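In what follows, every chain begins at residue 1, and chains take the letters A, B, ... in the order their sequences are listed. A quick note: this is a predicted structure, and the numbers were derived from the prediction, not measured.
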2 protein chains.
Amino acid sequence: MARTKSIHNRAELIEEAAVELFSRYGYERTSIEDIAKHLGIGKGSVYLEFRTKEEILMRVVEKHALKIQAMMDERTENIKGSPLESLKETFLMCALMVYDYVTRDFHTPEALLYTSLQFKPRFSAFYVRKRERVLKFLKRAAEAGEISPRKANEKTAITFLMGAASLFPPYFNNYTESEQRMTRDELEQSAKALLKILVDGLRESNK
Amino acid sequence: MARTKSIHNRAELIEEAAVELFSRYGYERTSIEDIAKHLGIGKGSVYLEFRTKEEILMRVVEKHALKIQAMMDERTENIKGSPLESLKETFLMCALMVYDYVTRDFHTPEALLYTSLQFKPRFSAFYVRKRERVLKFLKRAAEAGEISPRKANEKTAITFLMGAASLFPPYFNNYTESEQRMTRDELEQSAKALLKILVDGLRESNK
DNA sequence: TTTTTGACCAGATTTTGTTTTTAGTCAATT
DNA sequence: AATTGACTAAAAACAAAATCTGGTCAAAAA
């Protein structure tokens, strides 16, 4: 007699278990068998859903990236007043979201997205998408007459992202006295000040 | 009969040999004895000039930092036109200077100044001094009426430095397509664009 | 017949024990 | 008084053995 699939959302359960275990123990120190045991299934079953361990990681990171992207999309679509002001607020929110993810547990796989040189090339799609969101903001700003249309290009988006890079991990806080990692409050203050200058700069470059 | 010191500038010679060998082989892979042999002196003599190996490294890095600082000082004193324009040019020059140092040979001890998490706390003085230079520029800009005097403070200097951080090592070039390390030309283009926005932002914040 | 499993394997990683290197000292030498 | 290099303790490099783990697949379960 034909056997029916016992669990339908197995892939999803594996993802959830992976988030849990990767966050607690880190990616390298979590084995496929750990994940299987955690769910009470056989190791082989994991490989019925994912081809490799890395694929699980990528899926987990992807999920996180999509959350942030969704937030950005939502805000890109519903711009009320000034697009540039909206860009500023969005990036502040984005920086804080990432901070919360990463500091909740430093082993969180999302941290890899920002810190791992090894995986960085694999995440390029994420960065490209982020760049596209910024470009969208710039185009809206051009439509609203806040910046010159010829400034609403990819190059300007990259420049903006480079300027804002220090608001994302790894947090190299060289110029402040404080020894240890930035606090959430420090980040918020820095982000506000830096984003203000960057956005004002975009505006000014108009003239 | 009392013996006289055979070499007067021994400390200096040791520094020069250290730069040479550290650059070629790296800090860890250069031993004190290597340095001594390179100069044809005894190992113990090195310790008559320096207390530890790390002290030699710090001296070497210090020397490099002083060179960059001297450049900045020279430009701070001789501001012809707009202080903000001068700040922009100075930072472009600074970024390129550092790039040349660091890429000449990746083992160059100066690279540590920017890349080593281990040594970073030891170099805080360098960063503070750099911050002070920026502050000086801001004060001159305030005097010239380019920015509001209340903006010529430490906090703004830090914000500016954070914004310009991606122009210095380690070069995290996330948002560009290119896989490998930034070329000098790419850096120059990026630096010009980013510094323009930052400086324009400082000016705009005035209003 | 289809789904699930865990024993199995090769390669990577960790551990353990040994050897070599080296930062720093100091009694002997110049 | 100035200089040296043999010396030491600790660290680093290395090698060998033991363990772990990503991925496979024939067999078991349904």
Side-chain angles (χ1 to χ4, degrees), chain A residues 1-62 107 109 112 116-119 122, chain B residues 1-62 107 109 112 116-119 122:
Chain A
M1 196 170 95
R3 187 180 175 185
T4 52
K5 212 176 167 187
S6 57
I7 316 173
H8 327 63
N9 59 339
R10 188 170 48 189
E12 228 173 290
L13 289 173
I14 290 170
E15 283 168 30
E16 282 164 23
V19 169
E20 164 92 20
L21 296 178
F22 288 171
S23 293
R24 194 170 342 194
Y25 307 111
Y27 173 65
E28 280 85 2
R29 295 199 294 181
T30 301
S31 71
I32 295 287
E33 200 156 10
D34 288 339
I35 295 174
K37 271 190 185 148
H38 190 261
L39 293 172
I41 64 176
K43 183 180 170 181
S45 300
V46 174
Y47 283 91
L48 296 175
E49 306 289 346
F50 296 92
R51 300 165 72 85
T52 68
K53 188 186 177 187
E54 197 177 311
E55 196 174 297
I56 303 177
L57 176 67
M58 293 306 289
R59 186 77 197 89
V60 166
V61 172
E62 175 84 5
H107 292 301
L112 284 180
S116 164
L117 285 175
Q118 185 193 349
F119 284 105
R122 305 291 312 270
Chain B
M1 195 170 98
R3 186 177 174 185
T4 52
K5 209 176 170 187
S6 57
I7 317 175
H8 330 63
N9 60 337
R10 188 170 48 190
E12 229 173 290
L13 289 174
I14 290 170
E15 282 168 31
E16 282 165 22
V19 169
E20 164 91 22
L21 297 177
F22 289 170
S23 293
R24 192 166 348 189
Y25 307 110
Y27 172 66
E28 280 85 2
R29 296 200 292 182
T30 302
S31 72
I32 294 287
E33 199 158 8
D34 289 338
I35 294 174
K37 270 189 186 148
H38 191 262
L39 293 173
I41 64 175
K43 184 180 170 182
S45 300
V46 175
Y47 285 92
L48 295 175
E49 305 289 347
F50 297 92
R51 300 165 72 85
T52 68
K53 187 186 178 186
E54 197 178 313
E55 197 175 295
I56 302 177
L57 176 67
M58 295 305 290
R59 187 74 197 91
V60 166
V61 173
E62 174 85 6
H107 292 301
L112 284 179
S116 164
L117 285 174
Q118 185 193 348
F119 283 105
R122 305 290 311 270

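- What separates NZ of A:Lys53 from C1' of D:dC20 is a distance of 11 Å, to the nearest Å.
- Distance, B:Glu49 CD to C:dG24 C1': 16 Å, rounded to whole Å.
- Of the side-chain N and O atoms in B:Ser45, none sit less than 4.0 angstrom from OP1 or OP2 of D:dT3.
- Closest approach of A:Val61 to A:Pro109, counting heavy atoms only: CG2-O, 3.8 Å.
- In plain terms, the two heavy atoms of B:Val46 and B:Ile14 that are nearest each other are CA-CD1, 3.9 Å.
- Residue B:Arg10 places at least one side-chain N or O closer than 4.0 Å to OP1 or OP2 of D:dT3.
- Near DNA chain C, meaning a heavy atom under 4.0 Å from it, residues 22-37 of chain B has B:Thr30, B:Ser31, B:Ile32 in order of number.
- An OP1 or OP2 oxygen of C:dG6 is reached within less than 4.0 angstrom by no side-chain nitrogen or oxygen of A:Lys43.
- As a whole-Å value, the separation of B:Tyr47 OH from D:dC7 C1' is 14 Å.
- The two residues A:Glu28 and A:Lys53 have their closest heavy-atom pair at O-NZ, 3.8 Å.
- At least one side-chain heavy atom of A:Thr52 sits less than 4.5 Å from a side-chain heavy atom of A:Glu55.
- Summarising the geometry, atom NZ belonging to B:Lys37 is positioned 13.0 Å from atom CD1 belonging to B:Ile32; distances are rounded to the nearest 0.5 Å.
- At whole-Å resolution of the value, CG in A:Leu39 and P in C:dT5 are 11 Å apart.
- Nucleotide C:dT22 holds its P atom 13 Å from the CG atom of B:Leu21, rounded to whole Å.
- For the pair A:Glu54 CD and C:dA12 P, the computed distance is 15 Å after rounding to whole Å.
- Side chains of B:Leu13 and B:Ile41 form no contact here, defined as non-hydrogen atoms less than 4.5 Å apart.
- Here D:dC25 presents its P atom at 13 Å from CG of A:Leu48, a figure rounded to the nearest Å.
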